[in-house]
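Counting starts at 1 for both ligands and their atoms, following the listed order. Remember, it's a predicted structure, so these values are computed and weren't measured experimentally. One is the number of the first residue; the rest follow in order along the sequence.
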Amino acid sequence: MRVIENLKHIRSNIEDACKRSGRSPEEVTIIAVTKYVSVERAQEAVDAGILHLGENRDEGLLNKWDHLGDKPTWHYIGSMQTRKVKNVIDKIHYLHSLDRLSLAKEVDKRANHKVKCFVQVNVSGEESKHGMEPETVLDFIKELQQFEHIQVEGLMTMAPYTDDEAELRRCFRKLRTLQQEVQQLHLDYAPCRELSMGMSNDYQIAIEEGATIVRIGTALVGEESEV
Ligand SMILES: *Cc1c(COP(=O)(O)O)cnc(C)c1O
């Protein structure tokens with residue numbers, strides 16, 4: 001399927017989810033996750049009108065960046081190794097995987113601009129998932145005050161891979177509750193307006209539960225493999 005057709009379908013699903021939850025589709029930003037696909041396919045996504053691209057490895061990001069430059073807005077969505085920060089930090093606009101102080105320190109040291117970050121939270125408690133324990137998030141965010149190049153735009157999570165709708169909702173709601181707690185701290189470097197949650201299989205539920213950014217790979221650009 002062409003990206004433009006997938007996009008049309010996804011936009012219509014987003015509209016429906018917004019209608020069901022009394023929201024406006026303008027509140028929801030789509031990131032096309034291009035980690036599985038070629039530069040050409042990423043270009044096709046940009047041509048289809050997608051403004052935001054997401055990658056989860058430094059090689060993938062740099063390869064796509066070489067071809068597409070900073071025309072799209074770049075989101076780094078994968079877990080970030082501290083030693084890789086310097087390779088990508090000036091290419092990305094958003095980092096979705098801030099999950100430890102050592103990473104914050106390195107980002108702050110290497111960045112020449114304020115980096116818009118999401119604190120990644122492991123709401124589901126699954127061993128395999130990256131992200132911070134929910135209980136540690138507030139203290140962590142308070143500690144980020146010392147870093148002038150870090151701005152906490154929001155929270156990010158990956159829900160478990162399941163069809164159990166109730167479990168997905170529980171997970172997304174928990175992130176939203178946590179967001180409200182962060183907002184109540186009234187920290188100028190942590191407005192925390194965004195919720196980055198929802199992927200190909202659960203973005204409609206995520207939107208019903210308040211997602212402002214959905215990260216969609218398979219359903220949007222497919223997963224033709226280049227590896
Ligand atoms: C791969 C990935 C996505 C997209 O996954 P799909 O199921 O293909 O939509 C979203 N977020 C993160 C963090 C990912 O690693």
Side-chain angles (χ1 to χ4, degrees), residues 1-3 5-14 17 28-39 41-42 44-46 48 50-64 72-81 84-85 88 92-100 103 115-132 153-165 167-168 171-172 175 194-227:
M1 284 279 258
R2 291 172 35 86
V3 174
E5 282 152 30
N6 292 336
L7 181 61
K8 208 165 136 194
H9 180 67
I10 288 168
R11 282 213 173 113
S12 136
N13 285 341
I14 290 178
V28 182
T29 298
I30 300 171
I31 297 178
V33 175
T34 51
K35 67 185 184 194
Y36 311 112
V37 301
S38 63
V39 169
R41 189 69 165 170
E44 189 190 332
V46 172
I50 288 171
L51 305 172
H52 298 264
L53 297 188
E55 282 284 332
N56 71 339
R57 306 185 69 109
D58 63 333
E59 301 92 355
L61 181 102
L62 293 171
N63 178 30
K64 303 249 172 31
T73 297
W74 290 102
H75 297 255
Y76 196 92
I77 60 168
S79 63
M80 175 77 92
Q81 288 173 274
K84 300 277 175 82
V85 168
V88 296
I92 64 178
H93 304 89
Y94 291 85
L95 172 65
H96 288 244
S97 49
L98 185 59
D99 62 357
R100 59 195 189 277
L103 178 58
V115 182
K116 296 176 174 172
C117 296
F118 289 77
V119 173
Q120 183 169 356
V121 189
N122 181 358
V123 222
S124 67
E126 283 179 296
E127 292 272 344
S128 61
K129 291 276 191 299
H130 291 278
M132 312 191 69
E153 290 294 306
L155 303 180
M156 180 276 217
T157 199
M158 287 174 83
Y161 191 76
T162 174
D163 291 334
D164 183 343
E165 197 178 309
E167 191 181 344
L168 291 169
C171 184
F172 295 139
L175 197 69
E194 313 288 339
L195 282 176
S196 169
M197 56 190 198
M199 308 177 17
S200 290
N201 64 318
D202 57 17
Y203 67 91
Q204 298 170 74
I205 296 172
I207 288 169
E208 287 174 23
E209 299 299 342
T212 61
I213 297 186
V214 290
R215 310 176 308 267
I216 307 182
T218 317
L220 182 52
V221 292
E223 49 185 337
E224 61 167 89
S225 181
E226 57 174 356
V227 286

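- Polar contact check, Ala219 against ligand 1: no nitrogen or oxygen pair lies under 3.5 Å apart.
- Inter-residue side-chain proximity for Val221 and Ile50 is flagged as unmet; no heavy-atom pair is nearer than 4.5 Å.
- The closest approach between Tyr203 and ligand 1 stays at or above 4.0 Å for every heavy atom of the residue.
- At a threshold of 4.5 Å between non-hydrogen side-chain atoms, the residues Trp74 and Lys64 count as touching.
- Using cut-offs of 30° and 60° for the angle between ring planes, the Tyr94 and Phe118 rings count as tilted.
- At least one heavy atom of Ile77 sits less than 4.0 Å from an atom of ligand 1.
- Arg100 CZ: more than 12 foreign heavy atoms inside a 6.0 Å radius.
- Of all protein heavy atoms, the one closest to atom 5 (O) of ligand 1 is Met199 CE, 3.5 Å.
- Defined by atom type and a distance below 3.5 Å, a donor-acceptor pair is missing between the side-chain atoms of Ser97 and Gln120.
- Ring pair His75/His52 is tilted by interplanar angle, where 30° to 60° counts as tilted.
- The N/O atoms of Lys35, backbone and side chain alike, include one that comes under 3.5 Å of an N/O atom in ligand 1.
- The protein atom (non-hydrogen) at minimum distance from atom 9 (O) of ligand 1 is Ser200 OG, 2.5 Å.
- For ligand 1, the atoms lying closer than 4.0 Å to a non-hydrogen atom of Tyr36 are 1 (C), 5 (O), 8 (O).
- Residues Glu55 and Thr34 meet the side-chain proximity criterion, which asks for heavy atoms closer than 4.5 Å.
- Contact between Arg215 and Ile77 at its shortest, heavy atoms only, is CD-CG2, 3.9 Å.
- In the candidate list Glu223, Arg215, His130, Arg215 is nearest to atom 11 (N) of ligand 1, counting heavy atoms.
- Under 4.0 angstrom from ligand 1, the non-hydrogen atoms of Met156 all belong to its side chain.
- Ligand 1 places these atoms under 4.0 Å from at least one heavy atom of Ile216: 9 (O).
- At a heavy-atom cutoff of 4.0 Å, ligand 1 is contacted by no atom of His96, backbone or side chain.
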